[in-house]
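First the structure, in the form of structure tokens, and then the observations on it.
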Amino acid sequence: MDKQTEFVLRTIEERDIRFVRLWFTDVLGMLKSVSVAPAELEGAFAEGIGFDGSAIEGFARVAESDMLIKPDPSTFQVLPWRGEGAGVARMFCDILMPDGTPSYADPRHVLKRTLAKAAELGFTFYTHPEIEFFLVEQGFGRGEVPTPIDEVGYFDHSPHGASYDFRREAITILEAMGISVEFSHHEGGPGQQEIDLRYADALTMADNIMTFRLVIKEVALEQGVYATFMPKPFAAHPGSGMHTHVSLFEGDRNAFYEAGAKYQLSKVARSFMAGLLRHAPEFTAVTNQWVNSYKRLSGGGEAPAYVCWGHQNSSAMLRVPMYKPNKGNSTRMEVRSIDSATNPYLAFAVILAAGLKGVEEGYELPVEAQDDVWALTEPERRALGIDPLPTSLGQAVQAMERSELVAETLGEHVFDFFLRNKRAEWADYRSQVTPFELNRYLPVL
């Protein structure tokens with residue numbers, strides 16, 4: 001038995017933990033959970049716990065349904081919002097086949113496999129997300145427009161204080177679970193919040209994001225409000241993104257940093273960025289996987305709609321933040337297209353794969369966009385060689401279907417299931433008759 005497993009079992013006994021929740025994620029990024037008694041954990045660590053994989057979105061067909069969940073002891077945390085009674089803890093799990101091999105359908109394994117490829121090249125992949133979401137009043141019905149909990153805007157500190165109190169409580173719980181928070185503030189839309197997590201390796205961060213989304217929803221319910229990570233719940237206000245800062249390290253050295261280079265960006269950094277730009281249309285269905293995601297990308301509000309990069313340019317898909325003297329290890333790039341409703345395991349996997357492809361193939365970085373890309377005309381953008389991101393889930397699926405890179409990164413099973421699911425979602429959406437159509441056409445046609 002390794003030291004981490006011993007630590008978990010000892011902590012459960014010492015802190016009187018009565019229930020342990022084993023967490024994992026389906027292909028669409030929905031958190032799944034099964035609760036086990038502490039007495040079952042030693043066997044779970046050794047052999048895993050069996051479950052019906054065919055009942056989980058995208059995991060297995062009925063004929064091959066037997067699967068195992070095996071807890072990762074390094075992810076053990078006590079859940080701090082369960083009160084003073086019997087303690088509850090959680091661990092993330094890996095999904096295994098009956099013979100103990102990793103499941104081809106496990107999003108966590110998809111990311112691990114891509115991180116292993118980066119490690120073979122000598123790189124460790126770090127991410128730092130800025131997660132946006134809305135707080136709205138409870139009690140809205142299906143089809144009704146929700147009401148934001150406030151009417152204040154970017155960086156505002158309102159006397160009412162509901163958003164501030166919410167963020168304070170949420171951050172207290174996150175930090176009690178070992179998830180470090182760098183910044184928090186009110187975002188641009190009414191009721192919209194942003195909480196930025198301190199950078200970590202991509203696997204740890206994907207686990208942290210899944211925990212974050214649950215914590216936010218739990219705290220919201222405790223405070224009598226509702227939290228949503230829907231990318232664009234309000235037509236008149238900015239959507240919720242998850243701008244993600246990324247960097248590659250070689251040991252303790254930031255592989256993106258080169259003293260004296262333009263913006264201090266190394267050849268590795270420039271090629272990584274070029275890889276993201278070249279393959280962006282192909283992986284957008286993964287980073288922006290919902291019909292509603294494209295209302296955000298085409299709705300302005302600093303959400304990127306075009307494939308380009310810029311230095312401190314918030315209209316670009318990739319932004320290079322300002323270099324801080326004597327802080328070479330902070331050199332990074334910000335991917336601004338991702339939304340906060342993505343599956344973080346798959347999103348980080350395709351971003352890393354696209355960047356590594358650029359590094360391996362020596363892609364050349366195109367000229368940066370120095371203007372507000374939204375303000376340019378279509379002919380001006382074409383003259384600058386700036387192509388649009390997909391404008392709908394349908395377009396994104398078509399681009400992903402043709403992508404060898406995304407197919408290889410996700411693996412055949414996840415790639416095929418994801419496409420089938422998204423084609424069905426797009427078909428359902430296209431068949432709807434919307435209030436817009438009724439309001440515009442019914443009175444005149």
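Screening L318, V367, V373 for a side-chain contact (heavy atoms from CB on, under 4.5 Å) with C308, the sole residue that qualifies is V373. Just one of T204, L22, I69, L31 meets the side-chain contact (heavy atoms from CB on, under 4.5 Å) condition when paired with F92; it is L31.
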Steps toward side chain to side chain contact (heavy atoms under 4.5 Å, CB included) verdict (L356, L248):
CA-CA 10 Å; L356 290 179; L248 289 179; 4.3 Å; yes
Could you go through the salt bridge (charged side-chain N to carboxylate O under 4.0 Å, His left out) check for K232 and D339 one step at a time?
CA-CA 10 Å; K232 182 79 169 175; D339 62 49; over 6 Å; no
Please walk me through it: do I351 and F125 pass side chain to side chain contact (heavy atoms under 4.5 Å, CB included)?
CA-CA 10 Å; I351 287 169; F125 184 49; 4.2 Å; yes
Before giving the answer on ring pair (Phe, Tyr, Trp, His ring centres under 6.0 Å), spell out for Y363 and F272 the whole-Å C-alpha distance, their side-chain angles and the decisive distance to 0.1 Å.
CA-CA 8 Å; Y363 289 179; F272 192 96; over 10 Å; no
Apply the test side chain to side chain contact (heavy atoms under 4.5 Å, CB included) to residues I173 and E218: give CA-CA distance (whole Å), side-chain angles for both, the deciding distance (0.1 Å), then the verdict.
CA-CA 10 Å; I173 290 176; E218 288 269 0; over 6 Å; no
Start with the C-alpha distance between V335 and H243, add both sets of side-chain angles, then the distance that settles side chain to side chain contact (heavy atoms under 4.5 Å, CB included), and finish with yes or no.
CA-CA 6 Å; V335 186; H243 303 159; over 6 Å; no
Could you go through E169 and T172, starting from their C-alpha distance and side-chain angles, then the distance that decides it, and tell me whether this counts as side-chain hydrogen bond (donor to acceptor under 3.5 Å, both in side chains)?
CA-CA 5 Å; E169 177 63 19; T172 299; 5.1 Å; no
Working for side-chain hydrogen bond (donor to acceptor under 3.5 Å, both in side chains), residues H185 and Q193
CA-CA 6 Å; H185 60 86; Q193 319 296 319; over 6 Å; no
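Ionic pairing of E194 and R167 is not present here: no N-O contact between side-chain nitrogen and carboxylate oxygen is shorter than 4.0 angstrom. Ion pair E120/K117 not flagged as a salt bridge, since none of the NZ, NE, NH1 or NH2 atoms sits closer than 4.0 Å to an Asp/Glu carboxylate oxygen. Looking at R382 and D387, no side-chain N of the basic residue comes within less than 4.0 Å of a carboxylate O on the acidic one, giving no salt bridge. Residues E360 and K357 are not paired through a salt bridge, judged by the lack of any N-O separation under 4.0 Å between the basic side chain and the carboxylate. Comment: K112 does not engage D106 in a salt bridge, judged by the lack of any side-chain N to carboxylate O separation of less than 4.0 angstrom. Salt bridge E361/R278: absent, no basic N to carboxylate O contact under 4.0 Å.
Between the NZ atom in K32 and the CZ atom in F24 there is a gap of 7.5 Å [rounded to 0.5 Å].
For the pair N421 (side chain) and L28 (backbone), a donor-acceptor distance under 3.5 Å is absent. Between the side chain of D196 and the backbone N or O of E130 there is no donor-acceptor pair closer than 3.5 Å. Under a 3.5 Å cut-off, the side chain of S103 and the backbone N or O of A105 do form a donor-acceptor pair. Side chain of E437 to main chain of T434: a donor-acceptor pair is present (N/O by atom type, distance under 3.5 Å, no hydrogens or angles). Not a single donor-acceptor pair under 3.5 Å links the side chain of Q192 to the backbone N or O of F134. With hydrogens and angles ignored, the 3.5 Å screen pairs a side-chain donor or acceptor of R296 with a backbone N or O of S337.
In this structure, the ring of F249 has its center less than 6.0 angstrom from the ring center of Y126. The aromatic ring centres of Y199 and H128 sit 6.0 Å or more apart.
For V286 against T342, the heavy-atom pair with the smallest separation is O-OG1, 3.0 Å. Of all the heavy atoms in A353 and T409, the pair that sits closest is CB-OG1, 3.2 Å. Contact detail for A220 and Q138: the closest heavy-atom pair is O-NE2, 4.4 Å. The two atoms that bring I131 and S340 nearest to each other are CG2-CB, 3.9 Å, heavy atoms only.
Around the CG atom of D428, the shell of radius 6.0 Å holds more than 12 heavy atoms that belong to other residues, nucleotides or ligands. Around CD of E182, the count of heavy atoms belonging to other residues, nucleotides or ligands within 6.0 Å exceeds 12. Under a cut-off of 6.0 angstrom, the local environment of CD in E378 is crowded, with over 12 non-hydrogen atoms contributed by other residues, nucleotides or ligands.
Cation-pi geometry between K422 and W290 is met: the NZ or CZ atom falls under 6.0 Å from the ring centre, inside 45° of the normal.
For the pair L96/T101, no side-chain contact is recorded, criterion being any heavy-atom separation below 4.5 Å from C-beta on. Looking only at side-chain heavy atoms (C-beta outward), I195 and F183 stay at 4.5 Å or farther from each other. Side-chain contact between L376 and W374 is absent, with no heavy-atom pair separated by less than 4.5 Å. With a 4.5 Å cut-off on side-chain heavy atoms, L410 and V350 count as touching. Between P102 and I95, every side-chain heavy-atom pair lies at or beyond the 4.5 Å cut-off. Using a 4.5 Å cut-off on side-chain heavy atoms (C-beta onward), I209 and P129 make contact. Two residues are said to be in side-chain contact when any heavy atoms from C-beta on lie closer than 4.5 Å; F283 and M400 fail this criterion. Side-chain contact check for M333 versus W309: every heavy-atom pair is 4.5 Å or farther apart.
For the side-chain hydrogen bond (donor to acceptor under 3.5 Å, both in side chains) test, residues two or more places apart in sequence or in another chain that qualify with S403 are E282. Applying the side-chain contact (heavy atoms from CB on, under 4.5 Å) rule to E258 yields the partners A261, S266; only residues at least two apart in sequence or on another chain are considered.
Side-chain contact, S392 with Q395: no donor N or O sits under 3.5 Å from an acceptor N or O. Between the side chains of T211 and R90, a donor-acceptor pair is found at a separation under 3.5 Å.
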